[in-house]
J.: 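So that we are looking at the same thing, I have put the structure below in structure tokens.
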Amino acid sequence: MPELPEVETVRRGLAALVTGKIIDHVTVTLGRIIRTPDDVERFKMMLAGQRIDSVDRRGKYLLLGVGPYTLVSHLRMEGRYGLYRGEDPVEIHTHVIFHFTDGTELRYKDVRQFGTMDLVPRGDFTALPGLHALGPEPLDELFTVDVLRSQVRKKRSGKMKMLLLDQTFVAGLGNIYVDEVLYLSRLHPEAQVTDLTEKQVQRLHGAIVDVLSRSVELGGSSIKSYVNGYGQEGGMQHQLRVYGMENTPCPACGTLIEKTRIGGRGTHFCPTCQPPQGRA
DNA sequence: CGTGTCACCTGACAGC
DNA sequence: TGCTGTCAGGTGACAC
């Protein structure tokens with residue numbers, strides 16, 4: 001489900017819905033979701049009585065400030081949150097429920113059960129390598145062409161598709177937006193990182209910022225099941241140029257969009273606008 | 001270090 | 001109808 005724009009949309013919803021609420025107690029019906037601490041009972045004890053005082057995001061991670069802790073939540077493929085009244089029937093695939101003192105509940109649902117929660121000392125992410133080693137935040141004003149260039153120059157080899165999926169390179173891109181960014185940059189997904197020209201680095205920077213910021217504005221892409229904290233779909237799926245558009249004409253040149261498999265991930269591109277040699 | 005494969009799960013869908 | 005195989009927005013472990 002979620003890449004940066006979807007997680008940011010969820011974050012905004014949660015910030016409005018649960019900031020200031022006090023957790024009375026927590027119910028966990030699928031212990032696997034809770035990674036830290038390793039004892040689920042301890043997880044529940046630590047959260048009882050705490051107030052949610054912030055909802056932030058880093059890359060694809062949601063960061064809830066709860067008393068002396070940060071609750072780090074990763075939705076992986078299909079995790080989603082919703083605010084319910086206590087008397088609302090609990091839907092299938094609900095695995096964690098935060099019961100608030102006002103009678104409402106924040107529920108975490110996850111069909112594929114891939115999502116994770118880690119409760120760590122506030123701001124201390126050293127025990128979470130995936131979060132700790134995250135690359136620059138692409139919608140931060142500090143993410144300049146210079147920053148992107150230095151990230152690119154760190155790489156000795158590799159294909160563009162793999163580079164953009166690497167969360168230590170730039171945080172928050174996933175399979176949808178990587179394909180969209182490569183299309184807008186006119187780069188073939190198998191182009192070699194080391195072959196990037198200065199001009200291509202600049203185009204890449206512009207494409208990353210453009211695609212992600214447009215998607216955040218539209219509330220993300222709803223491809224299958226994604227909805228925000230209010231249960232609403234996003235609007236970015238209607239603006240995707242190549243993802244999921246195989247065998248339809250490229251909006252720029254009319255060539256049929258192709259779908260292949262690179263690094264095990266479905267990869268969509270226009271063979272004309274994104275030639276293998278990567279000139280233009 | 002890079003890359004390919006698999007595993008973690010369930011559900012949707014195509015094809016037989 | 002039902003079976004089988006494939007695929008899905010992510011990441012981490014593992015083998016070369």
Side-chain angles (χ1 to χ4, degrees), chain A residues 1-11 29-36 57-62 72-81 91-96 108-118 125 127-135 151-182 189-195 211-212 215-216 218-228 233-240 242-247 259-268:
Chain A
M1 168 228 261
E3 304 180 32
L4 187 153
E6 292 76 35
V7 179
E8 173 61 19
T9 303
V10 171
R11 184 201 71 75
T29 46
L30 185 66
R32 183 193 305 133
I33 301 287
I34 314 302
R35 291 196 311 187
T36 315
R57 179 191 59 75
R58 177 80 171 90
K60 302 173 192 171
Y61 292 85
L62 284 168
V72 179
S73 173
H74 198 301
L75 307 174
R76 293 290 181 99
M77 295 292 266
E78 301 203 48
R80 44 203 273 194
Y81 282 101
E91 293 159 358
I92 191 169
H93 300 127
T94 298
H95 306 309
V96 182
Y108 177 75
K109 301 203 307 180
D110 191 340
V111 170
R112 293 177 70 181
Q113 311 178 7
F114 285 169
T116 59
M117 293 185 195
D118 296 272
F125 305 135
L128 308 176
L131 174 55
H132 194 238
L134 234 38
Q151 288 295 92
V152 167
R153 300 295 181 234
K154 282 184 193 168
K155 292 285 175 176
R156 268 290 281 118
S157 67
K159 298 171 180 173
M160 287 306 301
K161 172 86 181 191
M162 305 317 296
L163 177 76
L164 295 183
L165 283 172
D166 179 355
Q167 300 300 296
T168 70
F169 172 69
V170 169
L173 291 169
N175 207 38
I176 296 177
Y177 298 112
V178 164
D179 284 2
E180 295 298 309
V181 163
L182 287 172
E190 301 204 66
Q192 289 297 311
V193 176
T194 46
D195 291 343
V211 167
L212 292 181
S215 186
V216 167
L218 291 171
S221 300
S222 293
I223 300 295
K224 266 180 65 182
S225 60
Y226 163 75
V227 290
N228 66 18
E233 296 198 337
M236 185 64 181
Q237 64 275 18
H238 305 301
Q239 289 202 14
L240 300 180
V242 289
Y243 184 88
M245 304 300 286
E246 58 270 28
N247 301 319
K259 180 176 182 184
T260 60
R261 188 158 281 268
I262 298 176
R265 311 300 302 275
T267 299
H268 315 70

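Every chain is numbered from 1, with letters handed out A, B, ... down the list of sequences. Note: hydrogens, waters and symmetry copies are ignored here, and every other heavy atom, side chains too, is used.
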J.: From CZ of R35(A) over to P of dG10(C), roughly how many Å is that when rounded to an integer?
T.: 16 Å
J.: Between H95(A) and D110(A), is any side-chain donor less than 3.5 angstrom from a side-chain acceptor?
T.: no
J.: Using only side-chain N and O atoms of R32(A), determine if any of them is under 4.0 Å from OP1 or OP2 of dC9(B).
T.: yes
J.: Whole angstrom is fine here: how far is it from CG in D118(A) over to P in dT11(C)?
T.: 13 Å
J.: Under 4.0 Å: is that the gap between some side-chain N or O of R112(A) and OP1 or OP2 of dC7(C)?
T.: no
J.: Over how many whole Å does the gap from R80(A) atom CZ to dG9(C) atom P extend?
T.: 17 Å
J.: Which value, rounded to the nearest 0.5 Å, describes the distance between E180(A) atom CD and Y243(A) atom OH?
T.: 10.0 Å
J.: Which atoms form the tightest heavy-atom contact between G174(A) and L165(A), and what is the distance?
T.: C-CD2, 3.6 Å
J.: Could you give the distance separating dG11(B) and dT11(C) at their P atoms, to the nearest angstrom?
T.: 22 Å
J.: Using a cut-off of less than 4.0 Å, is there contact between a side-chain N or O of R265(A) and OP1 or OP2 of dC7(C)?
T.: no
J.: Hydrogens and angles aside, do S73(A) and Y81(A) bring a side-chain donor and acceptor to less than 3.5 Å of each other?
T.: yes
J.: Contact class for G266(A) (heavy atom, under 4.0 Å): base, sugar-phosphate, or nothing?
T.: sugar-phosphate
J.: With respect to the phosphate group of dG11(B), does any side-chain polar atom (N or O) of H93(A) fall under 4.0 Å of OP1 or OP2?
T.: yes
J.: Is the shortest side-chain N/O distance from H74(A) to OP1 or OP2 of dG10(C) below 4.0 Å?
T.: no
J.: Over all heavy atoms of both residues, which pair between G79(A) and Y108(A) is shortest? Give the atoms and the distance, please.
T.: CA-OH, 3.3 Å
J.: Please give, in whole Å, the distance from dT3(B) P to M160(A) CE?
T.: 12 Å
J.: Should the ring pair H74(A) and Y61(A) be called parallel, tilted or perpendicular, given that the plane angle runs from 0 to 90° and is split at 30 and 60?
T.: perpendicular
J.: Is the phosphate of dG10(C), meaning OP1 or OP2, less than 4.0 Å from a side-chain N or O of Q167(A)?
T.: no
J.: Which comes earlier along DNA chain B counting from the 5' end, the contact point of R156(A) or that of G264(A), where each point is its nearest nucleotide?
T.: R156(A)
J.: Compare side-chain N and O positions of K159(A) against OP1 and OP2 of dG4(B) and report whether any pair is under 4.0 Å apart.
T.: yes
J.: Which base sits across from dC3(C) as a Watson-Crick or G-U pair, both distances under 3.5 Å?
T.: dG15(B)
J.: Quick one: D166(A) CG to dT3(B) C1', roughly how many Å, whole number?
T.: 12 Å
J.: Who does dG9(C) pair with, Watson-Crick or G-U, both distances under 3.5 Å?
T.: none
J.: Any chance the side chains of K109(A) and T94(A) put a donor and an acceptor closer than 3.5 Å?
T.: no
J.: Ring centres within less than 5.5 Å and planes less than 30° apart: is that true of F114(A) and dC8(B) in this structure?
T.: yes
J.: OP1, OP2 of dG9(C) versus side-chain N and O of Y177(A): anything below 4.0 Å?
T.: no
J.: Starting from the 5' end of DNA chain B, give me the residue, S157(A) or Q113(A), whose nearest nucleotide shows up first.
T.: S157(A)
J.: Quantified in whole Å, what is the P atom distance between nucleotide dC3(C) and nucleotide dC9(B)?
T.: 23 Å
J.: Counting side-chain heavy atoms from CB outward, which of dG9(C), dT11(C), dT3(B) is closest to M162(A)?
T.: dT3(B)
J.: How far, in whole Å, is dG2(B) from dG9(C) if one measures between their C1' atoms?
T.: 25 Å
J.: Of the nucleotides dG9(C), dA8(C), dG10(C), which one has an atom closest to the side chain of R261(A)?
T.: dA8(C)
J.: Just how far, in rounded Å, is C1' of dG10(C) from CG of L165(A)?
T.: 9 Å
J.: Report the distance from atom CG of D110(A) to atom P of dT10(B), rounded to the nearest whole Å.
T.: 11 Å
J.: Rounded to whole angstrom units, what separation is found between the CE atom of M77(A) and the P atom of dG12(C)?
T.: 14 Å
J.: Less than 4.0 angstrom between a side-chain N/O of K259(A) and OP1 or OP2 of dA8(C), yes or no?
T.: yes
